[in-house]
There are 2 protein chains.
Amino acid sequence: MKRKPNRVTSHVVAKLAGVSQPTVSRAFTPSASIAKDKRDRVLAAAKQLNYLPNSIASSLSKAHSNIVAVIVGDMNNPFYAESLEIFINRLQATGRQVLVFSVADGRDCDDVLMRALRYHVDGVVVTSAHLSSDLVSLSQGVGIPITLFNRSTADHALNAVLCNSITGSEILAQTMYDAGARRYLIVRGDPQGSTSRNRVKGFRDKLESLAVLPDAIEEIDGDSSYSGAFDTISERFADDGIQRPDAIFAVNDIMAMGCADALRDVFKLRIPEDVMLAGFDGIRPGQLAAYQLTTIRQPIEEMVEKTLELLDQTSMSDDDDETDQITQTDHLLAGTFVPGKTVPSTNI
Amino acid sequence: MKRKPNRVTSHVVAKLAGVSQPTVSRAFTPSASIAKDKRDRVLAAAKQLNYLPNSIASSLSKAHSNIVAVIVGDMNNPFYAESLEIFINRLQATGRQVLVFSVADGRDCDDVLMRALRYHVDGVVVTSAHLSSDLVSLSQGVGIPITLFNRSTADHALNAVLCNSITGSEILAQTMYDAGARRYLIVRGDPQGSTSRNRVKGFRDKLESLAVLPDAIEEIDGDSSYSGAFDTISERFADDGIQRPDAIFAVNDIMAMGCADALRDVFKLRIPEDVMLAGFDGIRPGQLAAYQLTTIRQPIEEMVEKTLELLDQTSMSDDDDETDQITQTDHLLAGTFVPGKTVPSTNI
DNA sequence: GAAATATGTGAATACGTATTCAAAGTTAAT
DNA sequence: ATTAACTTTGAATACGTATTCACATATTTC
């Protein structure tokens, strides 16, 4: 594969404009000191030659690449799709490019993280995915900051941005209790994930503080997915032997939607008259007229903003700071209660 | 911002392994000719030093960057979100990285295309977005192939991959006609876009061939979005003066979902008993139990595969071919009819 | 008008890898 | 044993931009 013969580089532009190559470089650097007439000459020549500065070469000589990597775990969950969109828009607006990696559900993201590091990205955002401590220390050795999004970890000292799962779940528990629910069913997500665990914990603890007996709280696995929740609910409700719950808490909206459809479609149950339902996240499809989920909306924009702030701070600071001490910062943001028609507004 | 002092490059690894820098490079190139013991020595040294080959530097000396840019127009439309996911997975599986750009609805994508070109990406996929002919010729000058996805254009000679909108819409028209519909309403998407235009045309033409009078076919704008369709349908049906249609064709699923919710929620109409409804795309949420849309499913996987094939072919060929003649190739793939509950299976 | 300070410019070089080329070493063939 | 063919290797260099440094010119100051 032979390379294109007539590549137009800054040298070619320089020759046409009658200046040196560094001057061409300066013409494209807003902050550089260059005479106005020379800059104009250079830009004119550049336009005439269809010259585009080579960002790859630029990244090589500069310390940063202007690329941020975003590793997305579960693209099927609209929450992460929505987050990704916002990440892209924010980064694009600040002049950076986004390298997106996808990690199959449950697989660790060491492979793609390695790829990202090779590109000397300015930072890495990890949404839903597991990463080994080897890779984390490698990234710290290379000096590339990682921030976890909607996920935290005790193992590695990593920055993380998340919504307060505990408080959010407490609100839902209280709301359902107030609406008269007495038997509860929790649909778990990834049992390993911090997010699912915290939401379950917040919900449970609140109920127990309201004197609900542990016997009256049931837990099943929903696989973090629509179909997983649909199936598990179908199975649970098909069993006539066990008393049915009168309130269901799915730890995320996409599972709550699966529950809603199973309940309505398979068992002809009305929500919330026959069974209450709540989710968590505040994803867009959950608020469509067909669902109108009761949920806790995560402040995605804020979370993204905080994530990028953390990334920038970290990449700044690790130049001064020769010691490799990473101080973990968990940014807990508050979610908003979204009353839907899935929990009755009046007490029973 | 001073650069990290102890960067570990191939030179450092070479010194530790007692070989030259090119040998390190070869150790990381599977196809390179290198003695097994040397490769092992190099890899051991690399591991010990936490060495990661710098892909940026590699891109600079090689002819290609291993990066493909994907420009996504309407991230709110699950069709494009699903497509993006597949693009990412396929490209990742073939060892390439994905630079994702987002373009605000309706805005042209010249700016982001330029950014992509600067990174010397191996190819660009443009989903839903307009691009100027200036930029197209620029990209051809630089030798970076562009392929349009789910969109075609007469202006520029560009490769394009799309689903056969005409045939798909004809099937829907025929189905609705057979089910007894006599008054039709078409909900348009982007009136400029080739996709929306073709779907409208296919639907209209088929109806006219069935001797449906033009008076019985109405068209309104749905803005390509859920809420746009929701609103426009609400407005149309609020007007009691005009006779209501008995069949609605939204040119994409996300609008069909908006229609469904407006019809059911605002006007208490049953689908399909009171009014038939069909969409186009086959997006996942449209097939949830809450909607069960009648639609034409686009073969996304195939379309993605074809798009990448075209991209690869083009980037190969333009080395031999010095003339800049690009032969436009439209790849028309067939969609699959998805019978939902939104068209009655029995004739009225 | 001379000295002190800005300002603008180009030559040289760094960034880290891949490739070319020629030399050296190794194996096969006669 | 000797030539031929092949495999490995390192020195040198290309890739295209940004930065450093020194020099030259322009502007200010007294």
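Quick caveat: nothing in here was measured; it's all calculated off a predicted structure. Note: hydrogens, waters and symmetry copies are ignored here, and every other heavy atom, side chains too, is used. Order of the sequence lines fixes the chain letters, A, B, ..., with proteins taken first and strands second; residue numbering starts at 1 for each chain.
Toward the 5' end of DNA chain C, the nearer of the two residues S10(B) and S20(A), judged by each one's closest nucleotide, is S20(A). Annotation: of the two residues near DNA chain D, F28(A) and P22(B), the 5′-most nearest-nucleotide partner is P22(B). If T23(B) and H120(B) are placed on DNA chain D by their nearest nucleotide, the residue sitting closer to the 5' end is T23(B).
Of the candidate nucleotides dT17(D), dT17(C), dG10(D), dT17(C) has the atom lying nearest to any side-chain atom of S61(B). Considering only the side chain of L60(B), dG16(D) comes nearest among dG16(D), dT17(D), dT9(C). For Y51(A), whose side chain is taken as the heavy atoms from C-beta onward, the closest listed nucleotide among dT19(D), dT17(D), dT8(D) is dT17(D). Comparing atom distances between the S33(A) side chain and each of dA18(C), dT9(D), dT9(C) picks out dT9(C) as nearest.
Separating the CG atom of N66(A) from the P atom of dA18(D) is a distance of 11 Å, rounded to the nearest angstrom. For the pair Q21(B) CD and dC15(C) P, the interatomic distance rounds to 13 Å; values are reported in whole Å. One atom, CG of D37(A), and another, P of dG8(C), lie 10 Å apart when rounded to the nearest Å. Here the C1' atom of nucleotide dT19(D) and the CD1 atom of I34(A) are 15 Å apart, to the nearest Å. The distance from atom CG of N54(A) to atom C1' of dC15(D) is 9 Å, rounded to the nearest whole Å. R41(B) has its CZ atom 15 Å from the P atom of dT8(D), to the nearest Å. To the nearest angstrom, P of dA14(D) lies 16 Å from CZ of R7(A). For H11(B) and dG16(C), the NE2 to P distance is 9 Å, given to the nearest whole Å.
For the pair S59(B)/H120(B), no side-chain contact is recorded, criterion being any heavy-atom separation below 4.5 Å from C-beta on. Side chains of N66(A) and Q97(A) form a contact here, defined as non-hydrogen atoms less than 4.5 Å apart.
One finds the CD atom of E309(A) at 11.0 Å from the CG atom of L311(A) (value rounded to the nearest 0.5 Å).
Using the six-membered ring where Trp is involved, F79(B) and F149(B) have ring planes that are parallel, under 30° apart on the 30 and 60° scheme.
Among the heavy atoms of the strands lying under 4.0 Å from S58(A) are primed sugar atoms or P, OP1, OP2 only; no base atom is included. Residue S25(A) is in base contact, counting any heavy-atom pair closer than 4.0 Å across all strands shown.
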Apply side-chain contact (heavy atoms from CB on, under 4.5 Å) to the pair V124(B) and L113(B), showing each step before the final yes or no. CA-CA 8 Å; V124(B) 180; L113(B) 180 55; 3.9 Å; yes
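Checking the phosphate oxygens (OP1, OP2) of dG8(C), no side-chain nitrogen or oxygen of K38(A) falls inside 4.0 Å.
For R26(A) against dG10(C), a side-chain-to-base donor-acceptor contact under 3.5 Å is present.
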